[in-house]
Amino acid sequence: MLDTTSHAGMAGQEARMLAEVERKVLWLSAWMIHHANHVRPNEDGLKVGGHQASSASMATIMTALYFGVLRPEDRVAVKPHASPVFHAIQYLLGNQTRTQLERFRALGGAQSYPSRTKDADDVDFSTGSVGLGAAQTIFASLVQDYVRLHGWGGTRPEGRMIALVGDAEMDEGNIYEALLEGSRHGLRNTWWVIDYNRQSLDAVIGEGVNDKILGTFATMGWDVVVLKYGRLQQAAFAEPGGEALRAWIDACPNALYSALTFRGGAAWRRRLEDDLGDQGDVSALLARRSDAELAALMTNLGGHDLGMLLDAFRGIDHDRPVCFLAYTIKGMGLPLAGHKDNHAGLLNPQQMEAWRATMGIRPGHEWDIAEGLRIDAADLRRFLAGARFNAGGPRRLSAPALPVPEIVAPEAQGAVSTQAGFGQLLHALAKGDAPIADRIVTTSPDVTVSTNLGGWVGRRGLFARDPRRDLFRDEKIPSAFRWDAGPAGQHMELGIAEMNLFLMLSALGLSDSLFGQRLIPVGTLYDPFVCRGLDAMNYACYQDARFILAGTPSGITLAPEGGAHQSINTPLIGMAQPGLSSFEPAFVDELAAILGWSLGHVQAPGDQGGSVYLRLSTRALEQPRRAMTPALAEDIVQGGYWMRAPGPNCAVAIVYAGAVAPEAIAAAGLLAEHRRDVAVLAVTSADRLFSGWRTAEAARMDGDDPAPSHVERLLRSLPRHCCLVTVTDAHPTALAWLGSVEGHRTKALGVDRFGQSGTISELYGAYGLDTAAILRAAQAGSPGRRLAG
């Protein structure tokens, strides 16, 4: 077996093997895209996208990493457009099938961008929405530290969290939020390799960006390694006239460098001779090289030099975060290298045939592992089998589910808000000895106290690598909160950046898969700011990360805070987001039942589980005095129950969600004087009701005969003439769909304008959520005696 760990090996057999593997990776990644567009064309005639150039620029870097550096414990976020290179590497390692590659970007085939949930090969971090995969490595590294400092790491060695980042990806603002958060927490074991090809989707990047990138990383405490000149260039610089050549390269605008790369050796020669003139040594340096050799020299950047990359990667002997800025050429090795339009460019069939001949690939043998290579196939297979990265077997780890204790609401004591109730329930868990409580990790973007996590943190402590006492307590300054910090703490305090919250929840929620240790992440934020982190929340769910999120406070019920802090559309987000079950309880006993279900749901395997979003309120409501029976608890988690059951001649059913419960119940009492058998339906999860109904409807359309969904069972007890009046402190669409279930006439009340400051009663009146508005809707929707109010 070849030694792939020593520098000495790079001088001989390893160098030859790696160079041939790089050749094969480049061919397979380009052929995969060509096959999708020309051999297996899209049925509607549309091209499925290029990325041949974007992939090619990463071929050398990824070959060096996967076949010469990475270990089984390392985790990699591959930049989206390098997906074909990743799939090609996995194919060589035996982790991907030819069928999947032949169906690249087709249904059931390899995905356009690396996906944990959709790809057959073992993707560490999904990427696609640029910036998020890179930032995820920071939070995964922090979670790895959390696991180890809590004594759960076992004998598994620490891994490096590695991001392969496009230079244009550095435009994404969330990257800098994540870098700042990492610096606050003493980030370790993280590498970012920036593919500095200086071409974005639309254009060539201007000058000076590299200095800004490097300055940012240095400011955040990262080591910076610049890989600009390959070894051919370094050798040329040592020749007479070499310093003048180096100065020309350093001064050359990015756009010109790209254009000359595309045009080739003769164009390089003409430009260099024109710019540098007849300078003796420089002219001789150029004259000693043919056009092809000159082109090879000028494109020999650090990111395309295997030996230089391996030396740089293997030379890191510490756990500090490292940024490698690797200069590359977009499309290196392909006929379209350097062209400013090559992002979505594709080699046409004629170009591909010419390149096929250059690569020595016979028609019909495009997928053969050793085809076109200048090494023995048996030696190649032995080399691939010896890759350390692949030595540990399947990389997707697991951890057993934790038992969920009974979650009991505190005895009803007057008026309580669901936000306060949430804090009470977590505090009760913190005081108890249930094993699951030790695995709960709370986190919040600088709103820990105002979202009622203070009691939990007081009991369980802040997480920090080094112990830190609460100095206010030491100074005998009265405070309601005791916040000691140390390695045993169970709250991760974040800066006020919601994108970071969801990236942290995502990393915590993948801990069992990444590190073999189950954590139960619980995050809180102000409900309207769910929208500020929406991309990262979607990303977390797309990865099937598991977490519980409390958005609080919510709606115009927040009253004096004004429209900037009043959420309207978040229930629709909760309903529309795959992998996320959303709830909006009105009472604390409902919340207790939902929380107990949630602790199990986030641990359930595959499609049986998912994440949970709780939309909570600061409005204190009188709590119902009732026994929480198993049947009632089941109805609550299924999405709704009859607060007031309908009679046989029900004319009006008031359907409410969340904090507007008092208005709905009061309106029902007044309606009962004028309408028969008035009912009140408490909706605890419009999302769960809709999902169950849609699943049943889809089964019926497929010819099956499933049992009625929960919402169908609830509404079938109403006569067809009954009017539904729905009311929610959110967009009315969240409940308006209920009339479609059984064909009931529906009047939907809600909020579809920005909120404003005021008291709850003033705002409910102005936005049509008060008792009078419910009565007006009932009058409009049901015949009978005129209603007062």
Side-chain angles (χ1 to χ4, degrees), residues 72-77 116 123-127 132-154 156-163 174 177-192 319-321 395-399 402 436 438-445 460-466 485-495 497 499-524 533 536-537 539-549 602-603 611:
E73 60 270 20
D74 296 330
R75 300 288 180 176
V76 187
R116 284 181 58 85
V123 174
D124 292 322
F125 303 105
S126 298
T127 55
L132 295 179
Q136 180 79 96
T137 59
I138 289 176
F139 295 95
S141 182
L142 297 179
V143 171
Q144 179 177 238
D145 283 350
Y146 181 96
V147 166
R148 296 186 69 83
L149 288 171
H150 280 77
W152 302 324
R156 183 177 176 81
E158 289 183 336
R160 293 169 297 214
M161 305 298 117
I162 300 172
N174 77 279
E177 294 178 346
L179 287 170
L180 183 59
E181 197 65 62
S183 71
R184 288 192 183 114
H185 287 273
L187 181 67
R188 304 165 59 243
N189 290 317
T190 306
W191 290 4
W192 282 17
D319 64 3
R320 296 188 301 276
R395 298 166 53 74
R396 196 70 58 95
L397 307 178
S398 62
L402 301 163
I436 199 171
D438 294 335
R439 296 299 180 118
I440 292 175
V441 188
T442 59
T443 185
S444 185
R460 294 286 175 156
L462 285 164
F463 172 74
R465 185 171 287 108
D466 300 311
Q490 290 180 240
H491 177 76
M492 303 279 285
E493 183 67 0
L494 302 174
M499 292 286 280
N500 284 347
L501 169 71
F502 286 109
L503 288 168
M504 176 62 84
L505 289 173
S506 179
L508 290 165
L510 292 173
S511 179
D512 61 319
S513 176
L514 296 175
F515 309 119
Q517 297 295 326
R518 186 174 298 280
L519 301 175
I520 309 293
V522 177
T524 63
M537 183 179 83
Y539 170 73
C541 293
Y542 180 65
Q543 298 203 97
D544 196 27
R546 303 296 181 81
F547 56 88
I548 298 172
L549 175 73
V602 296
Q603 301 183 79
S611 293

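- By the 4.0 Å N-to-carboxylate-O rule, D544 lies too far from R116 to be salt-bridged with it.
- Residues Y539 and F125 are in side-chain contact: their nearest non-hydrogen atoms beyond the backbone lie under 4.5 Å apart.
- Side-chain atoms of V143 and L514, non-hydrogen and from C-beta on, never get closer than 4.5 Å to each other.
- Remark: S398 engages no residue in a side-chain contact (heavy atoms from CB on, under 4.5 Å) (not counting sequence neighbours).
- Within the 4.5 Å cutoff, side-chain heavy atoms of N500 are placed close to those of F139.
- A salt bridge is defined here as a Lys NZ or Arg NE, NH1 or NH2 lying under 4.0 Å from an Asp or Glu carboxylate O, and R160 with D319 fails to meet this definition.
- Taking H150 as the reference, Y146, W152, F463, Q490 meet the side-chain contact (heavy atoms from CB on, under 4.5 Å) condition, with sequence neighbours excluded.
- Going from atom CG of L402 over to atom CG of L519 covers 9.5 Å, rounded to the nearest 0.5 Å.
- A heavy-atom distance below 4.5 Å is found between the side chains of L187 and S141.
- Minimum heavy-atom separation, G516 to L397: N-CD1, 3.6 Å.
- The side-chain contact (heavy atoms from CB on, under 4.5 Å) test applied to D124 returns R75, V76, R395, not counting sequence neighbours.
- In this structure, the side-chain hydrogen bond (donor to acceptor under 3.5 Å, both in side chains) partners of R184, at least two apart in sequence or on a different chain, are E181.
- I436 has its side chain within reach of Q603: a pair of non-hydrogen atoms, C-beta onward, lies under 4.5 Å apart.
- Taking the side chain as every heavy atom from C-beta outward, I440 and I548 never approach each other to under 4.5 Å.
- A donor-acceptor contact shorter than 3.5 Å links the side chain of R465 to the backbone of G186.
- Here the shortest heavy-atom pairing between D512 and A399 reads CB-CB, 3.9 Å.
- Side chains of S506 and L510 form a contact here, defined as non-hydrogen atoms less than 4.5 Å apart.
- Across all their heavy atoms, M504 and T443 have their closest contact at CG-OG1, 4.1 Å.
- Looking at T524, its side chain never comes within 3.5 Å of a backbone N or O of S444 through a donor-acceptor pair.
- When the side-chain hydrogen bond (donor to acceptor under 3.5 Å, both in side chains) test is applied to T127, no partner is found at least two apart in sequence or on another chain.
- R546 approaches S611 most closely through the heavy-atom pair CA-OG, 3.4 Å.
- No donor-acceptor pair closer than 3.5 Å links the side chain of D74 to the backbone N or O of I162.
- Counting only distance, with no hydrogens or angles, the side chain of T190 and the backbone of I138 share no donor-acceptor pair below 3.5 Å.
- In terms of heavy atoms, R460 sits closest to D438 at NH1-OD1, 2.7 Å.
- In this structure, L505 and M537 have side chains that are not in contact, with every pair of non-hydrogen atoms separated by 4.5 Å or more.
- The closest donor-acceptor contact from the side chain of T137 to the backbone of A134 lies under 3.5 Å.
- Here the straight-line distance linking atom CZ of R188 with atom CG of L142 works out to 10.0 Å at 0.5 Å rounding.
- Under a 3.5 Å cut-off, the side chain of Q144 and the backbone N or O of G159 do form a donor-acceptor pair.
- One N or O on the side chain of Q543 and one on the backbone of S126 form a donor-acceptor pair closer than 3.5 Å.
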TODO: Apply side chain to side chain contact (heavy atoms under 4.5 Å, CB included) to the pair M161 and Q136, showing each step before the final yes or no.
DONE: CA-CA 9 Å; M161 305 298 117; Q136 180 79 96; over 6 Å; no
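- Atom CZ of F515 sits about 10.0 Å away from atom CD of E158, to the nearest 0.5 Å.
- With sequence neighbours left out, the side-chain hydrogen bond (donor to acceptor under 3.5 Å, both in side chains) criterion links N174 to no other residue.
- The minimum heavy-atom distance linking P521 with G509 is given by the pair CG-N, 3.5 Å.
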